[in-house]
Amino acid sequence: LAKTTQPISMDSYEGQEVNITCSHNNIATNDYITWYQQFPSQGPRFIIQGYKTKVTNEVASLFIPADRKSSTLSLPRVSLSDTAVYYCLVGGTGTASKLTFGTGTRLQVTL
Amino acid sequence: DAGITQSPRHKVTETGTPVTLRCHQTENHRYMYWYRQDPGHGLRLIHYSYGVKDTDKGEVSDGYSVSRSKTEDFLLTLESATSSQTSVYFCAISIPTGTTGELFFGEGSRLTVL
(Lines give C-alpha, C1' and ligand atoms only; values in the text may rest on other atoms or scores of the structure.)
Protein backbone atom coordinates (compact mmCIF):
# COMPACT_ATOMS: atom_id res chain seq x y z
CA LEU A 1 0.00 0.00 0.00
CA ALA A 2 1.26 3.44 -0.87
CA LYS A 3 1.33 5.44 2.35
CA THR A 4 0.97 9.18 2.00
CA THR A 5 2.28 12.00 4.14
CA GLN A 6 0.95 15.54 4.07
CA PRO A 7 1.30 18.58 6.30
CA ILE A 8 -1.35 18.61 8.98
CA SER A 9 -2.41 22.18 8.35
CA MET A 10 -1.70 25.29 6.30
CA ASP A 11 -2.82 28.88 6.48
CA SER A 12 -3.22 31.31 3.62
CA TYR A 13 -4.65 34.69 2.83
CA GLU A 14 -7.33 35.12 0.24
CA GLY A 15 -5.95 35.69 -3.24
CA GLN A 16 -2.70 33.81 -2.67
CA GLU A 17 -1.55 30.64 -4.40
CA VAL A 18 -1.43 27.61 -2.15
CA ASN A 19 0.74 24.58 -2.75
CA ILE A 20 0.13 21.39 -0.78
CA THR A 21 2.69 18.63 -1.11
CA CYS A 22 2.08 14.94 -0.58
CA SER A 23 4.84 12.39 -0.13
CA HIS A 24 4.29 8.85 -1.40
CA ASN A 25 7.64 7.12 -1.51
CA ASN A 26 6.38 3.60 -2.26
CA ILE A 27 4.01 4.45 -5.07
CA ALA A 28 3.46 1.53 -7.46
CA THR A 29 3.84 1.65 -11.20
CA ASN A 30 0.12 1.47 -11.87
CA ASP A 31 -0.92 3.91 -9.14
CA TYR A 32 -2.55 7.22 -9.95
CA ILE A 33 -2.46 10.25 -7.67
CA THR A 34 -5.78 11.84 -6.85
CA TRP A 35 -6.64 14.81 -4.67
CA TYR A 36 -9.92 15.28 -2.85
CA GLN A 37 -11.46 18.19 -1.00
CA GLN A 38 -13.68 17.80 2.02
CA PHE A 39 -15.90 20.34 3.72
CA PRO A 40 -17.32 19.74 7.22
CA SER A 41 -20.20 17.27 7.35
CA GLN A 42 -19.73 16.27 3.72
CA GLY A 43 -17.99 13.45 1.93
CA PRO A 44 -14.80 14.22 0.01
CA ARG A 45 -15.10 15.30 -3.58
CA PHE A 46 -12.71 14.88 -6.47
CA ILE A 47 -10.42 17.78 -7.41
CA ILE A 48 -7.79 16.48 -9.79
CA GLN A 49 -5.96 13.34 -10.82
CA GLY A 50 -2.68 12.59 -12.53
CA TYR A 51 -0.07 9.97 -13.28
CA LYS A 52 3.01 12.02 -14.14
CA THR A 53 4.18 15.53 -15.09
CA LYS A 54 1.55 18.24 -14.84
CA VAL A 55 -2.20 18.22 -14.98
CA THR A 56 -4.40 21.30 -14.91
CA ASN A 57 -8.13 21.75 -14.74
CA GLU A 58 -10.43 24.65 -14.01
CA VAL A 59 -9.81 24.62 -10.26
CA ALA A 60 -6.28 23.33 -9.65
CA SER A 61 -2.98 22.08 -10.99
CA LEU A 62 -1.16 18.91 -10.04
CA PHE A 63 2.60 18.65 -10.34
CA ILE A 64 4.24 15.23 -10.28
CA PRO A 65 8.03 14.88 -10.59
CA ALA A 66 9.63 12.19 -12.71
CA ASP A 67 10.24 9.83 -9.78
CA ARG A 68 6.55 10.17 -8.72
CA LYS A 69 7.50 9.94 -5.04
CA SER A 70 5.67 13.15 -4.29
CA SER A 71 3.03 15.41 -5.77
CA THR A 72 1.95 19.00 -5.28
CA LEU A 73 -1.57 20.32 -5.47
CA SER A 74 -1.61 23.97 -6.49
CA LEU A 75 -4.65 26.14 -5.83
CA PRO A 76 -4.41 29.51 -7.59
CA ARG A 77 -5.80 32.58 -5.86
CA VAL A 78 -7.62 30.87 -3.02
CA SER A 79 -10.80 32.28 -1.55
CA LEU A 80 -12.49 31.80 1.80
CA SER A 81 -14.58 29.02 0.27
CA ASP A 82 -11.42 26.96 -0.30
CA THR A 83 -11.12 26.45 3.44
CA ALA A 84 -11.35 22.67 3.70
CA VAL A 85 -9.36 19.50 4.25
CA TYR A 86 -7.41 18.26 1.26
CA TYR A 87 -6.49 14.60 0.83
CA CYS A 88 -3.95 12.98 -1.40
CA LEU A 89 -4.88 9.45 -2.45
CA VAL A 90 -2.57 7.06 -4.21
CA GLY A 91 -3.87 3.93 -5.84
CA GLY A 92 -5.35 2.31 -8.83
CA THR A 93 -8.90 3.53 -8.61
CA GLY A 94 -11.20 1.43 -10.70
CA THR A 95 -9.35 -1.68 -9.62
CA ALA A 96 -9.63 -3.95 -6.62
CA SER A 97 -7.25 -1.90 -4.55
CA LYS A 98 -7.29 -0.66 -0.99
CA LEU A 99 -7.70 3.06 -1.46
CA THR A 100 -6.27 4.40 1.77
CA PHE A 101 -6.40 8.07 2.63
CA GLY A 102 -3.82 9.89 4.70
CA THR A 103 -4.72 12.33 7.47
CA GLY A 104 -5.16 15.19 5.03
CA THR A 105 -4.15 18.85 5.13
CA ARG A 106 -6.45 21.35 6.76
CA LEU A 107 -6.29 24.60 4.78
CA GLN A 108 -7.52 27.74 6.48
CA VAL A 109 -8.01 30.77 4.25
CA THR A 110 -8.50 34.17 5.84
CA LEU A 111 -8.94 37.73 4.64
CA ASP B 1 -24.68 13.28 -8.05
CA ALA B 2 -23.41 9.73 -8.53
CA GLY B 3 -26.61 8.14 -7.31
CA ILE B 4 -25.32 7.08 -3.89
CA THR B 5 -27.58 7.02 -0.89
CA GLN B 6 -26.70 5.99 2.62
CA SER B 7 -29.16 4.92 5.28
CA PRO B 8 -29.75 5.66 8.00
CA ARG B 9 -28.18 9.11 7.99
CA HIS B 10 -28.21 9.29 11.77
CA LYS B 11 -28.47 6.55 14.35
CA VAL B 12 -28.09 6.34 18.09
CA THR B 13 -27.76 2.90 19.58
CA GLU B 14 -26.58 1.18 22.71
CA THR B 15 -23.44 -0.83 23.29
CA GLY B 16 -23.86 -4.46 22.33
CA THR B 17 -26.63 -4.00 19.79
CA PRO B 18 -26.23 -4.92 16.14
CA VAL B 19 -26.25 -2.14 13.57
CA THR B 20 -26.44 -2.29 9.78
CA LEU B 21 -25.66 0.63 7.53
CA ARG B 22 -26.74 0.51 3.92
CA CYS B 23 -25.11 2.00 0.87
CA HIS B 24 -27.18 2.00 -2.29
CA GLN B 25 -26.11 3.01 -5.77
CA THR B 26 -28.26 3.38 -8.85
CA GLU B 27 -25.63 2.95 -11.57
CA ASN B 28 -24.28 -0.60 -11.05
CA HIS B 29 -20.64 0.35 -10.55
CA ARG B 30 -18.37 -2.48 -9.55
CA TYR B 31 -16.23 -1.03 -6.76
CA MET B 32 -17.68 0.13 -3.46
CA TYR B 33 -15.98 1.17 -0.23
CA TRP B 34 -16.83 1.82 3.40
CA TYR B 35 -14.80 4.37 5.35
CA ARG B 36 -15.07 5.74 8.84
CA GLN B 37 -14.00 9.22 9.82
CA ASP B 38 -13.04 10.35 13.29
CA PRO B 39 -11.52 13.65 14.36
CA GLY B 40 -7.78 13.59 13.84
CA HIS B 41 -7.80 10.37 11.83
CA GLY B 42 -9.02 11.38 8.43
CA LEU B 43 -10.74 8.64 6.45
CA ARG B 44 -9.95 5.04 7.26
CA LEU B 45 -10.93 2.17 5.02
CA ILE B 46 -13.05 -0.53 6.69
CA HIS B 47 -13.95 -2.88 3.85
CA TYR B 48 -14.31 -2.69 0.13
CA SER B 49 -16.00 -4.71 -2.59
CA TYR B 50 -15.04 -5.44 -6.15
CA GLY B 51 -18.20 -7.25 -7.16
CA VAL B 52 -21.15 -9.24 -5.93
CA LYS B 53 -19.99 -11.42 -3.04
CA ASP B 54 -16.41 -10.20 -3.54
CA THR B 55 -15.18 -8.22 -0.57
CA ASP B 56 -11.91 -7.60 1.21
CA LYS B 57 -10.70 -6.01 4.43
CA GLY B 58 -9.36 -2.53 4.78
CA GLU B 59 -7.14 -1.09 7.48
CA VAL B 60 -9.71 -1.04 10.31
CA SER B 61 -11.94 -4.04 9.66
CA ASP B 62 -12.05 -5.54 13.17
CA GLY B 63 -15.60 -5.48 14.55
CA TYR B 64 -17.15 -4.96 11.12
CA SER B 65 -18.53 -7.26 8.46
CA VAL B 66 -19.90 -6.49 5.02
CA SER B 67 -22.11 -8.10 2.46
CA ARG B 68 -22.84 -7.48 -1.15
CA SER B 69 -25.52 -9.77 -2.46
CA LYS B 70 -26.41 -7.50 -5.37
CA THR B 71 -24.45 -4.88 -7.26
CA GLU B 72 -26.38 -1.90 -6.02
CA ASP B 73 -26.18 -2.54 -2.28
CA PHE B 74 -23.18 -2.72 0.05
CA LEU B 75 -24.07 -3.35 3.68
CA LEU B 76 -21.84 -2.65 6.66
CA THR B 77 -22.70 -4.49 9.87
CA LEU B 78 -21.50 -3.95 13.39
CA GLU B 79 -22.37 -7.24 15.04
CA SER B 80 -22.11 -5.83 18.55
CA ALA B 81 -21.60 -2.08 18.57
CA THR B 82 -19.05 -0.53 20.91
CA SER B 83 -18.50 3.09 21.90
CA SER B 84 -15.25 3.10 19.90
CA GLN B 85 -17.35 2.63 16.78
CA THR B 86 -19.03 5.98 17.26
CA SER B 87 -18.08 7.72 14.05
CA VAL B 88 -19.22 9.08 10.72
CA TYR B 89 -19.35 6.36 8.09
CA PHE B 90 -18.94 7.16 4.43
CA CYS B 91 -19.69 4.91 1.52
CA ALA B 92 -17.94 5.51 -1.78
CA ILE B 93 -18.14 4.11 -5.27
CA SER B 94 -15.42 4.19 -7.89
CA ILE B 95 -16.60 5.41 -11.24
CA PRO B 96 -14.30 4.61 -14.15
CA THR B 97 -12.78 7.56 -15.97
CA GLY B 98 -10.53 6.50 -18.80
CA THR B 99 -7.85 4.15 -17.51
CA THR B 100 -8.59 4.78 -13.86
CA GLY B 101 -11.48 6.10 -11.81
CA GLU B 102 -12.56 8.56 -9.21
CA LEU B 103 -14.36 8.08 -5.95
CA PHE B 104 -17.78 9.52 -5.29
CA PHE B 105 -18.93 9.61 -1.71
CA GLY B 106 -22.29 9.39 -0.06
CA GLU B 107 -23.45 11.97 2.45
CA GLY B 108 -22.36 9.92 5.43
CA SER B 109 -24.06 8.09 8.27
CA ARG B 110 -23.46 9.44 11.74
CA LEU B 111 -23.49 6.65 14.31
CA THR B 112 -23.46 7.19 18.04
CA VAL B 113 -22.99 4.22 20.33
CA LEU B 114 -23.88 4.94 23.95
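Throughout, a chain's letter reflects where its sequence line sits, starting with A, and its residues are numbered from 1. These numbers come from a predicted model, not from an experiment. Side-chain atoms are counted along with the backbone in the values below, which use heavy atoms only and exclude waters and symmetry mates.
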Between [X] and [Y], is there shared hydrophobic-cluster membership here, with clusters defined by ILVMFWY side-chain heavy atoms closer than 4.5 Å?
{"X": "A/Leu89", "Y": "A/Phe63", "value": "no"}
{"X": "A/Ile20", "Y": "A/Leu80", "value": "yes"}
{"X": "B/Leu75", "Y": "B/Val113", "value": "no"}
{"X": "A/Val85", "Y": "A/Phe39", "value": "no"}

More than 12 heavy atoms of other residues, nucleotides or ligands under 6.0 Å from CZ of A/Arg106: yes or no?
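No, the 6.0 Å shell around CZ holds no more than 12 heavy atoms from other groups.
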Which bit of A/Tyr51 is near chain B, if near means a heavy-atom gap under 4.5 Å: side chain, backbone, both or neither?
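Neither part, no heavy atoms under 4.5 Å.
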What's the separation between atom CZ in A/Arg45 and atom CZ in B/Phe104, rounded to the nearest 0.5 Å?
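It is 11.0 Å, given to the nearest 0.5 Å.
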Working to the nearest 0.5 Å, report the span between CD of B/Glu107 and OG of A/Ser41.
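Between B/Glu107 CD and A/Ser41 OG, I get 11.0 Å after rounding to 0.5 Å.
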Per-residue contact mode, B/Asp56 against chain A (heavy atom under 4.5 angstrom):
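For B/Asp56, side-chain heavy atoms alone lie under 4.5 Å from chain A.
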Over all atoms of both residues, closest heavy-atom pair of B/Phe90 and A/Gln42:
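B/Phe90 and A/Gln42 have their closest heavy atoms at CZ-O, 3.6 Å.
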Could you tell me if the side chain of A/Phe101 sits less than 4.5 Å from the side chain of B/Leu103, heavy atoms only?
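Yes. Closest side-chain heavy atoms under 4.5 Å.
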